[in-house]
Amino acid sequence: MNNKNFFLCDENTLMIVTDKGHLRTLVAPFTVRCIRATDILKENALVNVDAVKPHDEEIIMYLVLKKWMPYSYFQLIIK
């Protein structure tokens, strides 16, 4: 996802613009797919994001399994 396509509203709310130009609001907890294995997650694992926060280098961090991780490790699942 291009970083121009999402906006943080608060620690529980992420607004995104879909590929079709629709505005969607995701309220934590929301589900993401891990696209980069970590020490606690396997690739393709589905996990819940419990909170979001801004970050200088990573743009957005997700709170997953009580650990802050870069959003770039995950793919949003939008239904």
May I ask you to check whether over 12 heavy atoms, not counting those of Glu43, lie within 6.0 Å of atom CD? yes
Tell me whether the count of non-hydrogen atoms from other residues, nucleotides or ligands lying under 6.0 Å of CG in Asp19 goes above 12. no
Can [Y] be reached from [X] by stepping across I, L, V, M, F, W or Y side chains whose heavy atoms are under 4.5 Å apart?
X	Y	value
Val47	Ile16	yes
Ile60	Leu76	yes
Val27	Leu46	no
Ile40	Trp68	no
Val32	Met61	no

Test side chain to side chain contact (heavy atoms under 4.5 Å, CB included) on Met69 and Leu41; report intermediate values, then the result. CA-CA 11 Å; Met69 300 180 159; Leu41 291 173; 4.0 Å; yes
Spacing of CD belonging to Gln75 relative to OG1 belonging to Thr31, to within rounding of 0.5 Å: 12.5 Å
Can you tell me how far OH of Tyr73 sits from CD1 of Ile35, rounded to the nearest 0.5 angstrom? 10.5 Å
Smallest separation among heavy atoms of Val52 and Tyr62, with atom names: CG1-CD2, 3.6 Å
Shortest non-hydrogen contact from Ala28 to Ala51? CB-N, 4.1 Å
Validation row: [X], [Y] side chains within 4.5 angstrom (heavy atoms):
X	Y	answer
Thr25	Thr13	yes
Tyr71	Ile59	yes
Phe30	Leu14	yes
Met15	Leu23	yes

Do Phe6 and Leu26 pass the side chain to side chain contact (heavy atoms under 4.5 Å, CB included) test, and can you show the C-alpha distance, the side-chain angles, and the key distance before you say yes or no? CA-CA 10 Å; Phe6 57 81; Leu26 299 176; over 6 Å; no
Does the distance from a Lys or Arg side-chain N to an Asp or Glu carboxylate O, for Lys53 and Asp10, drop under 4.0 Å? no
